[in-house]
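Values below: every heavy atom of this structure, side chains too, minus hydrogens, waters and symmetry copies.
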Amino acid sequence: MQLSTVLIEKFKTSKNILALTGAGISAESGVPTFRGKEGLWKEYRAEELATPHAFKRDPKLVWEWYLWRIELISTKSPNPAHFALAELEMKRSDFHLITQNVDGLHKRSGSEKIIEIHGNIFRNRCTNCNRTFDSDPSKLKNSTECPNCKNLVRPDVLWFGESYDTDLLNRAVSLAERSEIVFVIGSSGAVGIPVELARIAKENGAFVIEINIDPSGYSRYSDLFLQGKAGEILPELIPYFI
Ligand code: APR
């Protein structure tokens, strides 16, 4: 990777680094992205199933899709992009990670300071008592009843049309406001709030580095667009920040 000495110096001396990741960072692990053609399940698009309306209409169908995704993700492993960010967290106490991914791969690669703004597919929440608990795919196959109150449980993820958790969102905004370097990795920008975080960061003076195989809805805020696979670019780029 060819970087100017001015950029290299900037990277070394910047304070507060934030990474905002999307489905593209897990693509090289074999997890289908949402909006690629491999994001389809049977004939459905994610936008047709990941909604409160779809769940109300046909919880069995929505659970069938989630069980398929849970099982698929369970067979996948973190890739060099996840590990590069985990290493950055280990070496820099001013690094934070906000992910839109519900696949848990950042945690499995060793990252700990993560805000999962869209939830986690390996956690469930009761539609009645709101209790959350880790999901056990083999048990879910037989029952999607809350062990506490016997009502229906749902995946503890944010669906289209639902509001963000206010506390998580406030923390994400304050990280965006104070970060001097912001990576945007593998996200299309089709969802408004994450793009807003990039805009807020930019407005507050952050240097925004985008890594994506294609330009995206974030590209208008990028100071540096690195086109290519996250799993190839991040392991080369991260040493400049350590
Ligand atoms: N490296 C980098 N970027 C990649 C790679 C890769 N190997 N492979 C794909 N991409 C990029 C694509 O070009 C695309 O811009 O990743 C992006 C994936 O976009 P989406 O599938 O739209 O995923 P994301 O932006 O995370 O979606 C946001 O939408 O469905 C909801 O809640 C869900 O969190 C999700 C949100």
Side-chain angles (χ1 to χ4, degrees), residues 21-35 38-42 44-79 82-83 85-86 97-169 171-172 186-187 191 193-194:
T21 66
I25 198 168
S26 296
E28 289 157 78
S29 295
V31 179
T33 57
F34 287 88
R35 293 179 179 80
E38 73 286 9
L40 285 178
W41 175 73
K42 298 190 175 173
Y44 301 101
R45 287 179 297 115
E47 291 92 329
E48 295 173 270
L49 295 169
T51 73
H53 183 66
F55 191 65
K56 201 166 175 200
R57 197 180 49 217
D58 195 344
K60 205 162 158 277
L61 176 76
V62 174
W63 261 121
E64 206 189 320
W65 177 56
Y66 273 101
L67 280 167
W68 170 78
R69 289 185 64 207
I70 287 169
E71 284 190 348
L72 180 125
I73 292 167
S74 302
T75 65
K76 309 299 180 196
S77 306
N79 68 57
H82 297 105
F83 286 117
L85 294 182
L97 176 55
I98 300 174
T99 189
Q100 299 169 72
N101 298 345
V102 297
D103 59 27
L105 288 179
H106 282 298
K107 278 191 181 148
R108 281 170 57 198
S109 73
S111 288
E112 286 175 3
K113 283 195 314 213
I114 314 173
I115 299 184
E116 290 175 317
I117 47 169
H118 291 171
N120 190 307
I121 202 171
F122 293 100
R123 204 173 49 230
N124 293 324
R125 187 170 82 236
C126 177
T127 52
N128 176 54
C129 71
N130 262 334
R131 231 172 76 163
T132 58
F133 36 89
D134 290 341
S135 64
D136 176 343
S138 57
K139 285 193 188 143
L140 276 173
K141 259 193 189 141
N142 302 321
S143 166
T144 48
E145 264 186 14
C146 172
N148 185 38
C149 72
K150 307 294 174 213
N151 280 284
L152 185 63
V153 294
R154 54 165 283 177
D156 193 18
V157 301
L158 186 78
W159 282 335
F160 292 100
E162 292 186 318
S163 306
Y164 280 71
D165 178 280
T166 314
D167 176 49
L168 285 189
L169 193 57
R171 281 167 55 204
S187 181
V191 175
I193 293 286

With rounding to the nearest 0.5 angstrom, report the [atom1] to [atom2] distance, [X] to [Y].
| X | Y | atom1 | atom2 | result |
| --- | --- | --- | --- | --- |
| R108 | L105 | CZ | CG | 5.5 Å |
| D58 | H53 | CG | NE2 | 11.0 Å |
| I70 | N124 | CD1 | CG | 6.5 Å |
| I114 | T99 | CD1 | OG1 | 7.5 Å |
| N151 | C146 | CG | SG | 7.0 Å |
| C149 | N128 | SG | CG | 4.0 Å |

| task | Could you tell me whether the side chains of D156 and T132 share a donor-acceptor contact shorter than 3.5 Å? | result |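 No, no side-chain donor-acceptor pair sits under 3.5 Å.
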
| request: Classify the side-chain pair S77/H82 by whether it contains a donor and acceptor separated by less than 3.5 Å. | output: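 No, no side-chain donor-acceptor pair sits under 3.5 Å.
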
Which atom of [X] lies closest to which atom of [Y], heavy atoms considered:
| X | Y | answer |
| --- | --- | --- |
| I121 | D103 | CG2-CA, 4.5 Å |
| E116 | G104 | OE2-CA, 4.3 Å |
| S26 | N101 | OG-ND2, 3.6 Å |
| T33 | A27 | CG2-CB, 4.1 Å |
| A172 | I115 | N-CD1, 4.1 Å |
| S163 | L158 | O-CD1, 3.1 Å |

Run the side-chain donor-acceptor check on residues 59-66: report pairs under 3.5 Å with partners two or more places apart or on a different chain.
unit_1: W63; atom_1: NE1; unit_2: V153; atom_2: O; d: 2.9
unit_1: E64; atom_1: OE2; unit_2: K42; atom_2: NZ; d: 2.8
unit_1: Y66; atom_1: OH; unit_2: W159; atom_2: NE1; d: 2.8

| CA sep, side-chain torsions, deciding dist, call: D134, F122, side-chain contact (heavy atoms from CB on, under 4.5 Å) | CA-CA 6 Å; D134 290 341; F122 293 100; over 6 Å; no

| Trace of the side-chain contact (heavy atoms from CB on, under 4.5 Å) decision for H106 with I25 | CA-CA 10 Å; H106 282 298; I25 198 168; 3.8 Å; yes

Side chain to side chain, [X] and [Y], heavy atoms closer than 4.5 Å:
| X | Y | answer |
| --- | --- | --- |
| T21 | L85 | yes |
| P32 | L72 | yes |
| R171 | D167 | yes |

| field | Under 3.5 Å donor-acceptor, T144 side chain and L152 backbone | value |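 It does not hold such a pair.
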
| said: For N130 and R125: C-alpha separation, side-chain torsions, deciding distance, then whether side-chain contact (heavy atoms from CB on, under 4.5 Å) applies. | reply: CA-CA 6 Å; N130 262 334; R125 187 170 82 236; 3.5 Å; yes

| task | Kindly indicate, with the supporting measurements, whether the criterion side-chain contact (heavy atoms from CB on, under 4.5 Å) is fulfilled by S187 and Q100. | result | CA-CA 9 Å; S187 181; Q100 299 169 72; 2.9 Å; yes

